[in-house]
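First comes the structure, then the notes that go with it.
Residue numbering restarts at 1 for every chain, and letters A, B, ... go by the order of the sequence lines. As a basis for the values below, the full set of heavy atoms in this structure was taken, side chains included, without hydrogen atoms, waters or symmetry mates.
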Amino acid sequence: MKDERKPVASYSSFILHPSSFLVMSVRVRFAPSPTGYLHIGAARTALFNWLYARKVGGTFLLRIEDTDLQRSTDESTRSIFEGLAWLGLDYDEEVVFQSANADKHRAAAARLVEEGKAYRDFTPKAERADANVKQEIAERARHAASEGVDHRANPFRDLPLEESNRRAASGEPFAVRLKVGREGRSRFEDAVYGEQLRDYSEIEDLVLVRSDGHPLYNLSVVCDDIEMGITDVVRGQDHLTNTHKQILIYEALGAAVPRFAHLPLILAPNKAKLSKRKHGEVVSLTTYRDRGFIPAAFRNFLALLGWSPEGEEKEIMSLAELTRKFSLEGIHRSPAVFNFSDADPRRWTDDKALWMNAEYIRTLPLEELLPMVRAELGSAGLWRAEYAGDGRDWFAKTVDLIRQRFFTLKDFSGQGRAYFADDFEFDDAAVAKNLKKEPRLKELLPALGERVQRIENFNAATAEETLRAFADESGVKAGLLINASRTALTGQSVGPSMFEVFEVIGESRSASRLRDAARLV
RNA sequence: GGCGCUAUGGUGUAGUUGGUUAACACGCCGCCCUCUCAAGGCGGAGACCGCGGGUUCGAGCCCCGCUAGCGCUACCA
């Protein structure tokens, strides 16, 4: 995966604040682990980090936490890059791959051992069944509770350094654990959740480096965040409790502790954690791109999940507006439910997201929408070069006409197929309702087709004139012919004002479709 | 088991230093518009603000307790 961003200065950049105080500029990062596709919750974390950075004139960095070699995949890394690009979230400086820093992490741990802030634990590694870790943890805790816990009882905690060094040198395997104080408590002020306290007695001497030499998550994030000069850590609430452990590591390393802001989780309709495994593709960001969402719309929707602008009722906001309005204070504490139904295809994702996408489709400046429709038609094999040449005006006009009732970009090639191709499908219900209910249409439709074919100066107005006149002569209501025409020309029972449709489809195609539809009556 | 976080209509949210008929958006229902469906306009149903106690003349907003959901708790990230 090549990174195209140009490297920027150094991360210890300072800016001169208007108040003339020297203020360290904000540096935030989005640090996803490349396992599975980019989760919408992660995408939202990226968005908030980006908004915050851009709001305060800070720096937004990207770090791929690929330390879990087993689960990390290139494909997943790619989906992260694609997802960010799709959302329009550009990052500054070069991407950091955490796995490349493993030696530094180990070195940091070694240093802590030397300084007596961490120790080697020679206890043989306990095998753990990954499947029921949670259960094991609970059981172990229950056990410990009944016998009284002392997290500092590890026999190797106070092993003299010389002996520790000797055993290590002899090749005996060991894990490195942080020495957590016997007394005291950890404290920090979360920008979202407020003051957080945790007694040291509740924190065990956490493992920094596994006995196979693999640095663990808590150590890696802290080391990398220090090295990248991160000033504000904005991430999911699932990291809230562990923050205390990380602060302990910052302190042991003698580094400044950043500010923290934890984001409320995004839950599934049943209030369970939204997970790729249980909920499938709805949680994957790329799904939205693939199913015809407009980036700006989904981004807008995501921004409103767990955050709301102060004193603002308008919900449709551009990236610039979001950036202007964004503040950590506006982030909520309660989790947000992402609403969707796997039973109803029309509600495959959140109602509001769908509505917002439709809103964008119908209100976006046409010039911005056109390229997206072009891409969609292209992938559906419906794009024609002439739409960018002589047919440009026709194309723009047609898109503008049909976009009014579409929900996703997919609709342009789906429901909208008849406008761009002759091989479209007829909706059974539409045929039954508009064609089959009146036998006379078998003669009327071809006859109307003849009239239409002969119209001079063909357009919506003349098509209407012709159709209404023909309806009068034939003694039928205009509505009958109008609705029948809609199905004849588009295969559907719903759509734009019919005479506009005539104009856009053109006289010859309209005429032949009217004639052909007779066989469906 | 322990610790932590959260709790306003189905969903997303607003609710200023406690005093409102509890607001907005999505969704739902109806009417108008109309060649259909949307959009738009108008109107409606839907919340005793998780439950129980307080404090107060008055509590969604303050205090206590409870419950539920979720998170963390690992030589996972």
Side-chain angles (χ1 to χ4, degrees), chain A residues 31-33 35 65-68 70-72 121 123-128 130 133-134 136-146 149 173-177 193 196-199 202-204 206-212 214 216-218 220-221 236-245 262 264-265 267 269-273 301 304-308 310-316 332-340 347 350-356 358-359 362-363 404-407 430 433-434 464 467 477-487 492-499:
Chain A
S33 58
T35 54
E65 306 215 321
D66 54 348
T67 50
D68 187 334
Q70 310 296 315
R71 294 194 296 158
S72 297
D121 181 356
T123 311
K125 185 187 176 213
E127 287 309 323
R128 209 176 286 283
D130 243 31
V133 228
K134 305 268 179 197
E136 275 188 45
I137 292 167
E139 269 167 43
R140 202 177 60 143
R142 242 184 307 261
H143 234 260
S146 62
V149 248
F174 60 86
V176 177
R177 305 190 94 111
Y193 289 96
Q196 298 295 311
L197 296 167
R198 198 168 177 202
D199 205 279
E202 286 156 16
I203 306 174
E204 64 179 343
L206 57 144
V207 172
L208 264 21
V209 181
R210 276 194 331 212
S211 50
D212 62 2
H214 190 89
L216 254 20
Y217 173 73
N218 285 126
S220 298
V221 240
Q237 196 242 35
D238 45 345
H239 293 285
L240 186 63
T241 322
N242 278 335
T243 301
H244 290 102
K245 293 182 179 175
H262 287 88
L265 296 180
L267 270 25
N270 62 356
K271 312 262 191 204
K273 190 175 177 178
F301 171 76
L304 263 12
L305 230 41
W307 172 79
S308 58
E310 195 190 331
E312 177 63 84
E313 289 205 330
K314 193 179 67 156
E315 295 189 307
I316 300 292
H332 309 142
R333 278 165 289 274
S334 53
V337 172
F338 185 73
N339 213 2
F340 62 90
R347 293 200 172 154
D350 199 289
D351 272 337
K352 196 152 185 171
L354 246 14
W355 166 79
M356 205 170 262
E359 181 71 16
R362 78 175 83 91
T363 61
Q404 300 305 325
R405 55 218 81 204
F406 285 173
F407 280 81
K433 181 177 163 227
N434 292 336
E464 174 160 17
L467 185 143
K477 282 186 168 179
L480 175 75
L481 293 178
I482 289 170
N483 289 324
S485 296
R486 174 153 25 242
T487 300
Q492 300 177 339
S493 62
V494 303
S497 166
M498 198 49 213
F499 302 112

Treat a base pair as Watson-Crick or G-U wobble with both distances under 3.5 Å, then lay out RNA chain B in dot-bracket form, 5' to 3', with | for cross-strand pairs.
(((((((..((((.....[...)))).(((((.......))))).....(((((..]....))))))))))))....
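- Between U73(B) and N242(A), a contact under 4.0 Å exists linking OP1 or OP2 to a side-chain N or O.
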Using a 4.0 Å cut-off on protein heavy atoms (strictly under), produce a 5'-to-3' string for nucleotides 43-52 of chain B with B for base contact, S for backbone-only sugar-phosphate contact, and - for none.
----------
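- At most 12 heavy atoms of other shown residues, nucleotides or ligands fall within 6.0 angstrom of atom CZ in R333(A).
- Nearest nucleotide to the side chain of S308(A), out of C75(B), A14(B), G10(B): A14(B).
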Reading nucleotides 2-7 of chain B from 5' to 3' and marking B where a protein heavy atom lies under 4.0 Å of the base, S where only the sugar-phosphate is that close, and - otherwise, the string is -SSSSS
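- A close approach under 4.0 Å does occur between a side-chain nitrogen or oxygen of K271(A) and OP1 or OP2 of U11(B).
- Nucleic acid contact class of G306(A) (heavy atoms, under 4.0 Å, all strands): sugar-phosphate only.
- Among the nucleotides C35(B), A77(B), G12(B), the one closest to any side-chain atom of N483(A) is C35(B).
- The residue I137(A) sits close to a base: some heavy atom pair falls under 4.0 Å.
- Within the 4.0 angstrom heavy-atom criterion, only backbone atoms of the sugar-phosphate kind lie near S33(A); the bases stay farther away.
- Partners of F174(A) by ring-ring contact (aromatic ring centres under 6.0 Å, His included), not counting sequence neighbours, listed by chain and number: F122(A).
- Within the 4.0 Å cut-off from OP1 or OP2 of C76(B), not a single side-chain nitrogen or oxygen of H239(A) is found.
- Between C75(B) and R177(A), a contact under 4.0 Å exists linking OP1 or OP2 to a side-chain N or O.
- Among the heavy atoms of the strands lying under 4.0 Å from S497(A) is at least one base atom, whether or not backbone atoms are also near.
- If you check every strand for non-hydrogen atoms under 4.0 Å, S493(A) touches a base.
- Scored by the salt bridge (charged side-chain N to carboxylate O under 4.0 Å, His left out) test, K352(A) finds E315(A) as partners (sequence neighbours excluded).
- At the heavy-atom level, P496(A) lies under 4.0 Å from base atoms of the strands shown.
- Within the 4.0 angstrom heavy-atom criterion, base atoms lie near K125(A).
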Atom pairs, N/O to N/O, protein against nucleotides 26-33 of chain B, distance under 3.5 Å?
| from | atom 1 | to | atom 2 | distance (Å) |
| --- | --- | --- | --- | --- |
| C26(B) | O2' | K352(A) | N | 3.4 |
| G27(B) | O3' | R347(A) | NH2 | 3.1 |
| G27(B) | O2' | R347(A) | NH2 | 2.6 |

